[in-house]
Amino acid sequence: MQRDRIVVIGAGVGGLVAALGLAANGLEVVVCEAAMQPGGKIRQVQVGGTLQNAGPTVFTMKWVFEELFAQVGEVMADDLHLIKLETLARHAWSAGETSADRFDLFADINRSADAIGDFAGAAEARRYRAFCERTRLIYQTLESPYLRAARPSPLSLAWRVARRDLSGLTRVSPMGSMWGELGRYFHNPRLRQLFGRYATYCGSSPFNAVATLMLVAHVEQDGVWSLQGGLHALASKLAELAVKKGATFRYGTAVSEVLIRGGRARGVQLANGEVIDAGAVVFNGDTAALTSGLLGTQAARATPAPQVRQRSLSAITWNLVAPVSALPLPMHNVFFSDDSQSEFDALFAQGKLPADPTVYVCAQDHVEGREPDPAHRQRLFCLINAPATADQPNALSDADIERAQTTTFAKLARCGLHLNGDGVRTTPADFNRLFPATGGALYGQASHGWRSAFERPGARSKIEGLYLAGGSAHPGPGVPMAALSGRQAVASVLADLT
């Protein structure tokens with residue numbers, strides 16, 4: 001056995017962070033990635049001769065990566081060009097023709113409060129300030145004992161929180177629903193819908209998600225950055241640094257089995273039959289791929305099998321190149337459904353596409369502080385949520401997808417953004433092919449109910465020498481969270497090898 005060789009399966013953010021950290025600590029690291037580029041869900045597609053980012057678009061929790069770069073002797077600002085956004089997002093309802101139909105949320109709380117006062121009245125602005133303070137306290141309560149720590153149990157988390165501040169146990173509202181708690185702060189239904197959308201960052205419904213997820217609002221308020229080259233530039237830089245520290249990347253290399261001998265992971269077998277012996281294996285992928293037996297029957301017992309009914313959301317996305325002179329766009333834009341309850345009932349209770357979906361649009365060429373050229377065609381990434389049923393009998397049909405496209409583009413046109421379907425479309429079935437055994441789910445399991453935070457596996461699996469990283473592991477989905485899971489995997493491997 002090659003004790004000091006570690007195989008990392010998958011070059012998503014969690015795998016890249018694990019590879020970088022392990023290589024920086026002197027271990028021999030081999031990364032096996034089935035795709036031809038790093039990034040996992042942070043992927044790129046060709047549209048009209050140009051590359052576009054086709055995955056996560058929101059860059060937050062910059063400190064996670066600043067710490068990561070510093071730990072390996074690098075300075076993030078030397079390698080990545082970041083600009084903090086003044087406008088967090090633009091939101092629109094209906095035709096978006098009046099002041100009650102459009103609303104911009106800003107990085108500056110005072111500016112946002114003033115905008116909310118204009119949009120919904122002074123009382124709503126006061127409640128917004130109280131909401132910001134509440135979400136700040138939730139985040140501060142959970143950053144160290146949950147986000148930065150190894151996977152806690154309910155009792156261990158309660159002890160960690162209470163040890164610092166007994167009031168923190170009630171502050172995080174682990175039993176209340178996000179939608180119900182938001183109603184305390186936002187009496188305007190559109191503002192409640194706006195802040196409820198943060199549940200979808202974890203692939204969840206605001207009606208079923210725990211109120212703790214309101215902390216996402218603080219994460220954005222603390223800073224959203226645009227990254228030159230998009231988030232794929234981050235993935236590429238992490239891969240580059242891992243190589244610099246000695247890691248080897250093998251792209252276009254699928255793993256068929258995690259080799260288990262004597263109850264311990266001893267390496268991997270590739271799809272071409274090649275065997276790579278190793279002292280440990282880090283799996284950076286959805287745990288559903290393990291539990292379904294896609295990496296061998298023995299590896300299937302590494303973690304409890306996730307339940308199909310608890311899957312997070314999937315999506316239909318469009319990467320387009322189009323003029324947007326009729327509707328100038330900041331980087332992040334949301335065009336809301338007129339009925340949020342019906343939208344999420346369709347997605348989760350009925351397993352179908354909503355008749356009136358909320359549409360997210362990322363203007364990838366937006367530069368903060370610079371007006372776009374009216375004649376310029378911009379790269380746009382559009383997304384609607386979809387059920388993760390691509391491997392189920394009630395999977396979406398081609399007709400369902402076409403109807404959704406017609407509905408989506410008609411909605412955008414009513415709001416002043418006229419697009420067509422000429423570009424690259426990705427459906428839940430496509431995501432299921434890219435990330436097998438998920439049904440197209442993009443965030444692991446949904447964060448529904450207080451138990452969900454404790455049902456994600458930690459870095460150590462039930463099989464000795466097999467470690468987990470990625471959005472389906474603790475602390476959860478999202479680019480910075482996946483990076484934190486990679487750091488947990490590194491810490492666990494190093495501790496177990498000593």
Side-chain angles (χ1 to χ4, degrees), residues 58 60 88-94 96 100-106 109 112-113 115-116 119-120 124-125 127-136 138-139 172-221 224 312-315 332-350 353-361 383-387 411 442-443 445-450 452-453 476-478:
V58 181
T60 59
L88 298 181
R90 176 162 295 163
H91 309 85
W93 293 264
S94 302
D101 290 327
R102 287 193 186 172
F103 173 75
D104 286 359
L105 192 67
F106 302 101
I109 290 177
S112 287
I116 286 176
F119 183 79
E124 203 78 347
R127 287 190 291 268
Y128 165 72
R129 290 183 183 277
F131 172 75
C132 290
E133 178 61 14
R134 172 74 180 286
T135 59
R136 182 185 69 82
I138 293 174
Y139 179 85
V172 299
S173 299
M175 301 299 180
S177 79
M178 185 179 188
W179 188 257
E181 199 70 8
L182 285 171
R184 295 178 52 192
Y185 295 97
F186 301 107
H187 298 180
N188 181 287
R190 287 183 168 180
L191 289 176
R192 191 179 187 186
Q193 181 184 29
L194 186 159
F195 288 99
R197 192 184 75 88
Y198 285 128
T200 64
Y201 283 34
C202 302
S204 306
S205 163
F207 298 95
N208 299 322
V210 291
T212 306
L213 279 183
M214 293 191 304
L215 67 80
V216 178
H218 172 75
V219 168
E220 283 212 346
Q221 196 71 66
V224 175
S312 64
L313 291 167
S314 185
H332 303 294
N333 307 269
V334 185
F335 301 84
F336 278 108
S337 168
D338 287 335
D339 188 341
S340 191
Q341 180 76 67
S342 295
E343 179 181 20
F344 286 99
D345 282 348
L347 290 166
F348 284 102
Q350 302 164 28
L353 292 167
D356 179 25
T358 293
V359 187
Y360 167 73
V361 178
L383 177 150
I384 64 170
N385 293 313
K411 182 185 193 73
L442 296 174
Y443 314 88
Q445 298 295 95
S447 298
H448 292 167
W450 69 270
S452 62

Salt bridge (Lys or Arg N to Asp or Glu O under 4.0 Å) partners for [X], two or more places apart:
X	answer
Arg127	Glu124
Arg90	Asp104
Asp339	none
Asp356	Lys411

Quick check for you: to the nearest 0.5 Å, what is the distance between [X] atom [atom1] and [Y] atom [atom2]?
X	Y	atom1	atom2	answer
Phe344	Trp179	CZ	CH2	8.5 Å
Arg102	Arg190	CZ	CZ	12.0 Å
Ser447	Tyr201	OG	OH	14.5 Å

* **With sequence neighbours excluded, residues passing side-chain contact (heavy atoms from CB on, under 4.5 Å) with Pro387** => Leu347, Leu353, Thr389, Leu396

* Got a sec, which residues hit side-chain contact (heavy atoms from CB on, under 4.5 Å) with Phe336, two or more places apart in sequence or on another chain? -> His91, Trp93, Gln193, Leu194, Arg197, Val334, Thr358

Listed by chain and number, what are the side-chain hydrogen bond (donor to acceptor under 3.5 Å, both in side chains) partners of [X], not counting sequence neighbours?
X	result
Ser204	none
Tyr198	Glu220
His218	none
Arg129	Asn110

Of all heavy-atom pairs between [X] and [Y], which one has the smallest distance, and what is that distance?
X	Y	value
His187	Arg184	NE2-O, 3.9 Å
His448	Ser205	NE2-N, 2.9 Å
Ala120	Asn188	CB-ND2, 3.6 Å
Ser112	Leu105	OG-CD1, 3.6 Å
Ala115	Phe106	CB-CE1, 4.1 Å

* To do: Apply ring pair (Phe, Tyr, Trp, His ring centres under 6.0 Å) to Phe131 and list each qualifying residue two or more places apart in sequence or on a separate chain.
  => Tyr185, Phe186, Phe195

* Asked: Is a side-chain N or O of Ser312 found less than 3.5 angstrom from the main chain of Gly203, in a donor-acceptor match?
  -> no

* Determine, step by step, whether Thr200 and Tyr443 satisfy the side-chain contact (heavy atoms from CB on, under 4.5 Å) criterion, reporting the C-alpha distance in whole Å, the side-chain angles of both residues, the deciding distance to 0.1 Å, and the verdict. => CA-CA 9 Å; Thr200 64; Tyr443 314 88; 6.0 Å; no

* To do: Please test Met214 against Ile138 for side-chain contact (heavy atoms from CB on, under 4.5 Å), starting from the C-alpha separation and ending with a verdict.
  => CA-CA 8 Å; Met214 293 191 304; Ile138 293 174; 4.0 Å; yes

